[in-house]
**Student:** 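Quick one: the structure is below, and I'll ask about it shortly.
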Amino acid sequence: MIAWVLVTGLVVIAVALVVLPLVSRIDKQQVEAAGLDKQQQENVASYREQLVDMEQRVADGVLPQAEAEQQKTELKQKLLGDTALPENTKKPAFVSSGLAVALCLAVLIPVVTLILYNQLGAKTELRVFQLLQNPNVSYDAVTAGIERWAEEDPNNDQALYLLGSHYLSAGRLKDAVTAFRKLYGITGPHAQISAQLAQVVFLVNDRSVDAEVRRLYNESLASDPGNTTALGLKGIDAFEQQQYTEAVKAWQAALVNEQDPQARRALASGIYEARKMRGDNLPQVTVKVAIAPELTSLPASTRVIVFARESGVSNTPPLAAVPTTVGELPAEIVLDDTSAMMMGGRSFSDVSSVDIAALITLSGDALKADYKAEVKGVALNTKKPVTLKIRPKA
């Protein structure tokens, strides 16, 4: 509806921009064609000047208003006599034809616009966009809409990319491979497309890296070294070949740019495992979290966040964080590199001591703690669990 309102408004503006100047020009031509010669035009100008002079004299008190009105009437009668047209004067043919052209344009512009939009417009794209924005539309309806778009425009890279991504999210891996292979054939090597094709081929191959996957992720990284999908596959490839240092490098590079929380957790877990396999000393802290009896009435779904921050530093993101709920407490939570946030590439084990806190947020916003417990200066090599009891504010 909004789109149609905008289109209608634009058509109206287009008609106005074309027709109104034409009508204005016709009016001017009609006046000029009415037969007023130079003398008659001078009479009209003189009449206007006399009216202005008369108004000024009335304002100055020199001429009475009643007399002024009488003189105006006489001037008008005289002007009509001076500019009268012969009875047989007709509207010129070009004026009539000009009005006809203006009317035709006013009708033709909207009609032609609708015809062109019907032939060239993005009706299907708009329909797909509306389907994707509607949470009440079924998966099958969305799939049908995207497939129709790809069928109507087989070489449209946007339609194919959306179709492949939709299949991937639904677990239709073979269909996703088909869509991304066709897209790759159209676009050729492209950082994101090469990475997506590498990913679906990897998944279809039962999560194993073959020569094609390796070529595709390297191809992606050659043009976009920060592509998180390609870096993730490079890390997996290195890990499978027991090249743990290379795996850590690739996954840490991906973690710096990755925004999706689930993907970040997977990368952090992979980094932890690779470091463990190469024999790194991996510190961890066990935190026992409970709530005071006064808070047991809180809804079980109330969010609780347990996190660690470098000791003495309060203006940086946490090094590690684990979410839980009031209903899961008391609980024993382990903070290590698998729960690392790694903002800017820093891991949990890059520091010697941390401040550990547990907070409850009724709004769900981690920056707005309603209740909080904290212990500062915890050494990462400690074997003793840290105990936190969240209490109401004093």
Side-chain angles (χ1 to χ4, degrees), residues 195 198-199 202 207-209 213-214 217-218 221 225-289 305-324 331-358 374-388:
Q199 178 177 232
F202 166 77
R207 297 179 178 273
S208 64
V209 178
V213 173
R214 189 173 296 115
Y217 79 64
N218 281 320
L221 293 174
N227 187 285
T228 56
T229 301
L231 286 168
L233 291 170
K234 181 179 181 179
I236 292 172
D237 192 14
F239 189 91
E240 289 178 349
Q241 298 180 57
Q242 299 182 2
Q243 298 175 358
Y244 302 119
T245 297
E246 293 302 315
V248 169
K249 288 181 180 179
W251 286 333
Q252 283 182 333
L255 198 54
V256 171
N257 297 316
E258 182 59 64
Q259 300 298 320
D260 181 69
Q262 187 173 0
R264 289 183 63 83
R265 286 193 292 271
L267 288 168
S269 179
I271 293 169
Y272 184 84
E273 290 300 319
R275 294 185 64 186
K276 184 167 67 175
M277 293 297 294
R278 74 180 184 183
D280 289 4
N281 177 28
L282 300 174
Q284 64 179 31
V285 175
T286 301
V287 185
K288 292 183 177 181
V289 184
I305 303 174
V306 182
F307 63 90
R309 181 179 277 121
E310 183 178 0
S311 291
V313 179
S314 58
N315 58 350
T316 59
L319 295 172
V322 175
T324 184
E332 191 171 278
I333 294 172
V334 175
L335 295 175
D336 55 25
D337 278 346
T338 62
S339 55
M341 302 295 288
M342 291 203 181
M343 300 295 185
R346 287 174 61 80
S347 68
F348 186 73
S349 55
D350 287 335
V351 299
S352 58
S353 65
V354 293
D355 298 335
I356 299 176
E374 186 175 17
V375 175
K376 296 185 176 183
V378 178
L380 289 183
N381 57 1
T382 184
K383 301 298 182 183
K384 183 180 179 181
V386 174
T387 300
L388 292 177

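Sequence positions, counted from 1, serve as the residue numbers for this chain.
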**Student:** Is the backbone N or O of Asn227 less than 3.5 Å from a side-chain atom of Asn257, with the two atoms forming a donor-acceptor pair by type?
**Tutor:**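 No, Asn257 side chain to Asn227 backbone: no donor-acceptor pair under 3.5 Å.
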**Student:** Once you round to the nearest 0.5 Å, how far does CD of Gln252 lie from CG of Leu231?
**Tutor:**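 Going from CD on Gln252 over to CG on Leu231, the span is 11.5 Å.
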**Student:** What distance do Asp237 atom CG and Phe202 atom CZ have between them, rounded to the nearest 0.5 Å?
**Tutor:**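 Nearest 0.5 Å value for the CG-CZ distance: 9.5 Å.
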**Student:** If you take all heavy atoms of Phe239 and Ala274, which pair is closest and at what distance?
**Tutor:**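 Distance-wise, the nearest heavy atoms are CE1-CA, 3.7 Å.
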**Student:** Can you tell me how far apart CD (Glu258) and OG1 (Thr229) are? Round to the nearest 0.5 Å.
**Tutor:**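 It comes to 7.5 Å.
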**Student:** Keeping to residues at least two apart or across chains, list the salt bridge (Lys or Arg N to Asp or Glu O under 4.0 Å) pairs with something in residues 277-289.
**Tutor:**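 Found Arg275-Asp280, Arg278-Asp280.
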**Student:** Search all heavy atoms of Gly377 against all heavy atoms of Ser311 and return the closest pair with its distance.
**Tutor:**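 Result for this residue pair: CA-OG, 3.7 Å.
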**Student:** Mind listing the closest non-hydrogen atom pair of Glu240 and Ser208 along with its distance?
**Tutor:**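 Looks like OE2-CA, 4.2 Å.
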**Student:** Residues two or more places apart in sequence or in another chain: which of them pass side chain to side chain contact (heavy atoms under 4.5 Å, CB included) with Val322?
**Tutor:**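 Once residues adjacent in sequence are excluded, the partners of Val322 under the side chain to side chain contact (heavy atoms under 4.5 Å, CB included) criterion are Ile333, Leu335, Ser339.
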**Student:** Would a 4.5 Å heavy-atom cut-off, applied to side chains only, mark Leu388 and Ile356 as touching?
**Tutor:**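 In short, these two side chains touch, coming nearer than 4.5 Å.
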**Student:** What's the shortest heavy-atom distance between Gly235 and Ala247, and which atoms?
**Tutor:**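 Between these two residues, the closest heavy atoms are O-CB, 3.4 Å.
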**Student:** Could you grab the distance from atom CD1 of Ile236 to atom CZ of Arg214, nearest 0.5 Å is fine?
**Tutor:**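 It comes to 12.5 Å.
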**Student:** A side-chain contact here means heavy atoms from C-beta on lying under 4.5 Å apart; do Leu282 and Asp336 qualify?
**Tutor:**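 Answer no - side chains too far apart.
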**Student:** Distance check, rounded to the nearest 0.5 Å: Met277 atom CE versus Gln243 atom CD?
**Tutor:**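 It comes to 13.5 Å.
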**Student:** Atom OG1 of Thr228 and atom CG of Leu267: how far apart are they, to the nearest 0.5 Å?
**Tutor:**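 Rounded to the nearest 0.5 Å, the OG1-CG separation comes to 8.0 Å.
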**Student:** Please report the shortest heavy-atom distance between Asp355 and Glu310, naming the atom on each side.
**Tutor:**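 The answer is OD2-O, 4.1 Å.
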**Student:** What pair of heavy atoms forms the shortest contact from Val285 to Ala379, and how long is it?
**Tutor:**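 Taking Val285 first and Ala379 second, the nearest heavy atoms are CG2-O, 4.3 Å.
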**Student:** If you define the side chain from C-beta out and look only at heavy atoms, does anything of Glu273 sit under 4.5 Å from Trp251?
**Tutor:**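 Glu273 vs Trp251: side chains apart.
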